[in-house]
There are 2 protein chains.
Amino acid sequence: METLRESLSEKSSSVEAQGNVVRALKASRAAKPEIDAAIELLNKLKLEKSAVEKQLQASIGNGSHNREAFRQNVVNTLERRLFYIPSFKIYRGFAGLFDYGPPGCAVKSNVLSFWRQHFILEENMLEVDCPCVTPEIVLKASGHVDKFTDLMVKDEETGTGYRADHLLKDYCNKKLEKDLTISAEKAAELKDVLAVMEDFSTEQLGAKIKEYGITAPDTKNPLSDPYPFNLMFQTSIGPSGSSPGYMRPETAQGIFVNFKDLYYYNGRKLPFAAAQIGQAFRNEISPRQGLLRVREFTLAEIEHFVDPENKSHPKFSEVAKLEFLMFPREEQMSGQSAKKFCLGEAVAKGTVNNETLGYFIGRVYLFLVRLGIDKERLRFRQHLANEMAHYAADCWDAEIESSYGWIECVGIADRSAFDLCAHSEKSGVPLVAEEKLAEPKEVEILVITPVKKELGLAFKGNQKNVVESLEAMNEEEAMQMKATLESKGEVEFYVCTLEKNVSIKKNMVSISKEKKKENQRVFTPSVIEPSFGIGRIIYCLYEHCFGTRPSKAGYEQLNVFRFPPLVAPIKCTVFPLVQNQQFEEAAKVISKELASVGISHKIDITGTSIGKRYARTDELGVPLAITVDSDTSVTIRERDSKDQVRVSLKEAASVVSSVAEGKMTWQDVWASFPHHSSAAVDE
Amino acid sequence: METLRESLSEKSSSVEAQGNVVRALKASRAAKPEIDAAIELLNKLKLEKSAVEKQLQASIGNGSHNREAFRQNVVNTLERRLFYIPSFKIYRGFAGLFDYGPPGCAVKSNVLSFWRQHFILEENMLEVDCPCVTPEIVLKASGHVDKFTDLMVKDEETGTGYRADHLLKDYCNKKLEKDLTISAEKAAELKDVLAVMEDFSTEQLGAKIKEYGITAPDTKNPLSDPYPFNLMFQTSIGPSGSSPGYMRPETAQGIFVNFKDLYYYNGRKLPFAAAQIGQAFRNEISPRQGLLRVREFTLAEIEHFVDPENKSHPKFSEVAKLEFLMFPREEQMSGQSAKKFCLGEAVAKGTVNNETLGYFIGRVYLFLVRLGIDKERLRFRQHLANEMAHYAADCWDAEIESSYGWIECVGIADRSAFDLCAHSEKSGVPLVAEEKLAEPKEVEILVITPVKKELGLAFKGNQKNVVESLEAMNEEEAMQMKATLESKGEVEFYVCTLEKNVSIKKNMVSISKEKKKENQRVFTPSVIEPSFGIGRIIYCLYEHCFGTRPSKAGYEQLNVFRFPPLVAPIKCTVFPLVQNQQFEEAAKVISKELASVGISHKIDITGTSIGKRYARTDELGVPLAITVDSDTSVTIRERDSKDQVRVSLKEAASVVSSVAEGKMTWQDVWASFPHHSSAAVDE
């Protein structure tokens with residue numbers, strides 16, 4: 001394993017080097033002033049091409065082969081032990097859908113519990129839980145209905161769809177890797193295309209596909225022109241067919257639309273954060289990369305609302321001294337690699353836009369490392385200017401290195417006031433915060449006063465729905481209603497929560513505009529959004545924790561997941577050393593104690609050799625094993641060191657639960673109990 | 001509150017009496033032999049009508065008024081304190097969709113954690129987590145595509161849809177309640193319709209609506225004939241538009257399709273149970289009953305697989321002595337009420353079909369009562385013969401009484417082999433278990449052997465997908481492929497996980513039928529399914545825990561949620577008695593300690609009077625409050641008794657966490673620490 005790791009890391013640094021050139025090129029397109037520097041860099045590289053490129057090519061091939069083999073081993077183990085299962089397997093599965101099996105579920109549940117503890121509880125965040133089914137108007141406001149698309153091409157004969165950029169990318173990579181006859185100019189052109197294709201317009205992408213004569217990969221049939229395909233799963237709410245809806249592509253919108261209530265709940269004080277864990281859905285055109293690109297996944301998102309004029313964070317000092325790999329825009333553009341920065345300095349120098357963004361970067365780092373992510377294979381990469389939305393102040397991705405390369409697992413973005421403004425505008429409900437002013441100013445405001453007595457008489461049990469709908473009108477709607485009521489005395493009014501029209505009479509509501517002195521500054525808060533792809537984090541964790549080691553007896557390689565106790569799916573196994581009623585009874589007593597304190601565990605009373613039983617649990621990543629070999633005491637074995645101690649039967653459950661809950665380390669246990677060595681064990 | 005409770009319970013018993021008659025009638029339709037008895041019962045009731053009915057009518061009106069007022073108070077408090085929020089409120093909300101706000105989320109998360117502990121962990125269940133997006137074929141097999149419908153009628157002019165049975169029910173109830181001129185015969189007819197309408201065919205329902213001249217409630221327009229409306233949200237998977245899918249209406253199917261893998265994971269041993277917690281979706285025609293009938297909700301489902309020839313349960317003795325309200329079929333049919341039964345006796349007498357079903361009834365009872373459900377308002381009602389699917393062996397619902405009446409919150413059904421058989425048939429994959437036979441027998445089996453070397457050469461990275469698809473062929477498909485390969489040497493083969501056809505050549509797979517001696521009995525396990533509607537349980541819990549009490553100072557009624565610490569959204573509040581830096585510092589120290597041990601809490605440093613701060617937290621159901629009134633010691637106040645003890649600053653967090661985690665009761669605390677009385681407190 002170590003050799004593989006070294007080899008992998010060696011290879012990836014050369015791949016990395018190439019990646020940096022690409023990134024530099026990409027940046028140069030966006031930030032026009034750097035174009036010259038980038039072209040110069042490219043020319044310089046071209047000169048060194050023949051020597052460097054061949055070596056690079058070889059190492060990529062080699063590296064990717066090792067990576068593939070490693071990945072295959074991890075994935076086989078995960079699938080065999082039911083960490084995950086391709087969904088609906090008996091119906092031959094469906095691309096991009098996966099089930100978590102028992103150990104996978106336990107890992108996920110542990111990761112989410114720790115997320116709740118680390119973020120929601122420690123930061124006093126306001127958790128919400130909104131439906132996945134989302135009406136069109138909400139996603140129209142957020143921009144998803146119009147812009148959440150990928151470009152697709154169709155096989156003109158079979159109708160099969162492909163992602164247009166995938167086909168172009170595959171073509172370029174294949175040419176560069178396999179076709180040794182291409183000219184230096186051609187190679188440079190293909191690399192240039194790879195670097196900038198993300199920014200291609202629909203027409204540019206279509207033109208390149210035509211120019212290179214790319215056809216459908218399976219049939220070689222001609223392809224259609226590219227066209228945008230919306231990635232949301234569409235559905236219809238209610239029986240009428242006239243209320244389109246979508247399965248949410250992210251959980252964030254549910255928080256934004258609740259801003260007003262949450263702000264009041266927080267005593268109208270900023271800053272505060274709301275958080276949500278839940279399913280999100282993306283109808284990918286052709287899912288690739290196994291568990292990394294799927295059609296349904298769990299997101300955990302935080303929306304931290306803050307005064308745009310004050311983005312300091314009271315707890316920033318707690319993370320300021322952290323040092324870890326960061327990859328700022330400038331380093332990417334000048335072709336360097338990620339390197340270690342002190343977070344406090346990065347914020348002080350303005351590399352990271354503000355303290356709050358910095359604070360979350362630090363907290364995300366601590367979260368991932370405590371889960372078991374290797375900190376040498378974790379970096380925070382800043383978005384280049386062309387990667388960010390126009391409204392964003394600054395964005396950093398926590399990227400984790402896996403056999404697929406560096407994978408974006410957490411996005412941490414300062415989205416300024418964009419989302420709240422978008423929903424304010426669409427809904428007519430101001431999503432704003434207030435601050436007391438030193439000097440008052442005069443403004444005109446809309447006042448809607450439903451007359452509850454009249455509404456109660458007319459609508460009885462539905463009164464509340466009608467009142468809420470009336471109060472929710474925006475200025476335009478309200479003034480229109482006022483005019484109609486004055487001219488006709490009555491108006492038809494659609495109440496969404498009742499899904500029907502009601503008739504509003506003049507005596508049921510009063511609408512007016514009033515002048516008022518305001519003592520407050522009213523503003524739209526900025527939002528800083530850390531968004532976690534839970535499935536991606538878990539997959540990377542699997543790769544980082546996976547290893548092999550030779551069995552004691554022979555040449556066999558045994559798999560082991562070195563999960564920290566915090567995330568291990570099962571904390572402990574209980575084995576009677578031999579099949580014998582007395583030992584089995586003792587094992588059951590321990591099992592009951594473990595269950596009562598909530599420690600997940602498994603009894604294995606099969607007659608299999610103890611070494612084989614250890615190997616089985618190592619492959620599930622179980623950190624501790626209790627072996628019952630007497631009726632007064634047992635041994636506890638630790639997975640990574642394979643060390644064993646002897647403890648009394650009575651203490652066994654409490655020692656295990658202390659380690660599982662992080663109250664004690666294995667070192668503490670090792671220092672406190674007599675050591676046990678078993679020469680006979682076939683490990 | 002107590003008066004209201006008594007009055008409610010009084011009223012509901014008369015309502016109950018009426019309900020029993022209805023139930024008796026209903027049963028009589030299905031179980032033909034009882035028709036005569038039921039008609040006799042009805043006639044007897046008719047004779048007593050004039051006296052009883054008037055009294056009944058009055059009490060229903062009164063009771064329902066009190067119920068409505070109580071519910072309004074609960075719901076207002078829940079909404080004001082953000083236990084829940086109508087979803088997308090700024091867009092005026094959408095019927096049947098609700099968000100959980102911060103305290104609601106915490107309650108939900110506590111309920112689910114306890115569910116995991118009580119069922120999955122203590123019973124060693126295999127947890128899985130499957131996608132919500134489900135391909136049509138799966139739900140075709142389960143019967144949902146064809147049968148998961150409600151009958152709908154449309155307003156012929158506006159197109160608005162209504163549930164046909166709702167309109168008929170409303171018509172009958174309104175006539176019975178409001179129209180005092182109707183004859184005894186007419187009243188009996190309407191009651192008869194109410195009793196049997198659940199079993200009406202589409203035509204019968206349509207005929208009744210016509211006969212009674214029922215029109216659209218909002219417009220009085222004529223209505224269409226009833227027609228079935230499928231309640232699943234439909235969508236499309238992938239870009240082609242040719243793969244219909246649905247949002248799952250229950251989580252159970254995800255478990256059934258994984259039976260084979262889970263059975264192997266469990267060492268091919270029965271019985272075992274799998275469990276899943278997740279979102280489910282029902283596109284209700286017109287959602288009513290607030291939080292009880294929604295379009296998206298959380299289910300927690302268990303599928304316990306057991307040998308149909310042996311449904312005993314090794315742990316049944318642990319629940320056999322429990323006594324609680326049960327409502328067997330016979331009691332319902334003879335017009336009696338639910339009464340207390342000993343679970344062990346109910347199983348022994350055959351009232352409950354088998355031990356495993358009985359074991360789960362007992363475990364569900366313990367679960368609900370520990371959450372805080374009032375055991376006097378919880379009953380287990382057996383399904384009548386006509387309520388059960390033809391394949392079901394026995395079904396019991398845990399029903400909880402709320403202001404809406406008795407609500408089905410958990411269904412516990414012995415579904416026999418139905419689900420596994422349905423998926424075996426549709427997928428061609430046998431979902432069966434095996435048992436060693438004393439004597440072997442000869443059978444013919446299908447053997448599919450993919451030639452991995454050839455497949456690897458042809459399909460490289462996709463080899464695994466092709467192999468899995470080949471192995472998953474059912475007998476018919478495999479024999480057809482064999483024939484084509486023999487005649488043409490090549491065949492087009494669709495690989496679902498690749499979403500395309502591949503070409504299979506003769507040398508890539510061998511297919512044959514072989515005779516084999518079998519030493520095993522092969523059978524389809526029965527499944528016993530406890531299915532929990534988490535949102536419904538939580539809503540009923542809110543009603544059961546809610547109460548009011550007068551404030552100490554005046555005439556004001558204060559709200560309190562008497563949640564057990566286990567489910568309380570926040571376990572503790574921390575108040576500095578007065579605004580003062582020293583007390584605030586001490587409060588922060590306690591807060592940090594509480595956060596580090598994972599106890600959810602809230603600091604309140606506003607200058608509000610301590611009495612008001614207590615009242616605020618009572619309304620959130622916070623069981624304990626720490627008040628900092630010195631720099632060495634604090635008081636801890638318990639919500640329900642309002643008693644206070646004094647503990648040292650250092651011990652405060654650990655006392656609170658012991659009570660919150662159930663390691664100590666308030667009685668223990670009261671016995672161990674000096675009592676504190678504060679006359680000045682304005683409660």
Asks: Hey, which of B:Ile255, B:Asn258, B:Val128, B:Asp129 is the one that makes side chain to side chain contact (heavy atoms under 4.5 Å, CB included) with A:Asp99?
Replies: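 Considering B:Ile255, B:Asn258, B:Val128, B:Asp129, a side chain to side chain contact (heavy atoms under 4.5 Å, CB included) with A:Asp99 is found only for B:Asn258.
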Asks: How long is the straight-line distance from OG of A:Ser113 back to CZ of B:Arg116, given to the nearest 0.5 Å?
Replies: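 One gets 7.5 Å once the value is rounded to the nearest 0.5 Å.
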Asks: Between B:Arg81, B:Met125, B:Lys260, B:Glu471, which residue shows the highest count of heavy-atom pairs closer than 4.5 Å to chain A?
Replies: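 Result: the option with the highest number of such pairs is B:Arg81.
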Asks: Of the backbone (N, CA, C, O) and the side chain (C-beta and beyond), which part of A:Met247 lies under 4.5 Å from a heavy atom of chain B, both, or neither?
Replies: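 Side chain of A:Met247 only, per the 4.5 Å heavy-atom cut-off to chain B.
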Asks: Heavy-atom pairs under 4.5 Å with chain B are the metric here; pick the option from A:Ser109, A:Ala141, A:Gly254 that has the most.
Replies: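 Heavy-atom pair counts peak at A:Ser109.
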Asks: Less than 4.0 Å between a side-chain N and a carboxylate O, is that true for A:Lys464 and B:Glu79?
Replies: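 Here B:Glu79 pairs with A:Lys464 in a salt bridge, since their nearest N and O are under 4.0 Å apart.
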Asks: Which is it for A:Glu68 and B:Lys460 under the salt bridge (charged side-chain N to carboxylate O under 4.0 Å, His left out) test, yes or no, and what are the steps along the way?
Replies: CA-CA 12 Å; A:Glu68 290 260 340; B:Lys460 308 212 170 55; over 6 Å; no
Asks: Go through the atoms of A:Gln117 and report whether side chain, backbone, both or neither lie under 4.5 Å from a heavy atom of chain B.
Replies: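 For A:Gln117, the side chain is the part near chain B, not the backbone.
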Asks: Report which part of A:Arg295 has an atom under 4.5 Å of a heavy atom belonging to chain B: side chain, backbone, both, or neither.
Replies: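 Side chain of A:Arg295 only, per the 4.5 Å heavy-atom cut-off to chain B.
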Asks: Find out whether A:Asp261 and B:Lys89 are in side-chain contact, i.e. whether some heavy atom of one side chain is under 4.5 Å from a heavy atom of the other.
Replies: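 Yes. Closest side-chain heavy atoms under 4.5 Å.
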Asks: What part of A:Asn124 is in contact with chain B, defined as an atom under 4.5 angstrom from a non-hydrogen atom: side chain, backbone, both or neither?
Replies: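 Only the side chain of A:Asn124 comes within 4.5 Å of chain B.
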Asks: Do the non-hydrogen side-chain atoms of A:Thr134 and B:Phe88 ever get within less than 4.5 Å of each other?
Replies: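 Heavy-atom side-chain distance check passes, below 4.5 Å.
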Asks: Just wondering, are more than 12 heavy atoms of other shown residues or ligands nearer than 6.0 Å to CD1 in A:Ile605?
Replies: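 No.
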Asks: Is the NZ or CZ atom of B:Lys602 positioned over A:Tyr265's six-membered ring, under 6.0 angstrom from the centre and within 45° of the axis?
Replies: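 Checked: cation-pi criterion met.
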Asks: When heavy-atom pairs shorter than 4.5 Å are enumerated against chain A, which of B:Gly101, B:Cys132, B:Ser240, B:Ser236 gives the highest number?
Replies: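 Looking at each option in turn, the highest pair count goes to B:Cys132.
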Asks: With only heavy atoms counted, which part of A:Phe259 is less than 4.5 Å from chain B, the side chain, the backbone, both or neither?
Replies: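 Contact with chain B involves no heavy atom of A:Phe259 at all.
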Asks: Looking only at heavy atoms, which two atoms of A:Phe233 and B:Ile237 are closest? And how far apart?
Replies: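 Heavy-atom minimum between the residues: CE2-CA, 4.0 Å.
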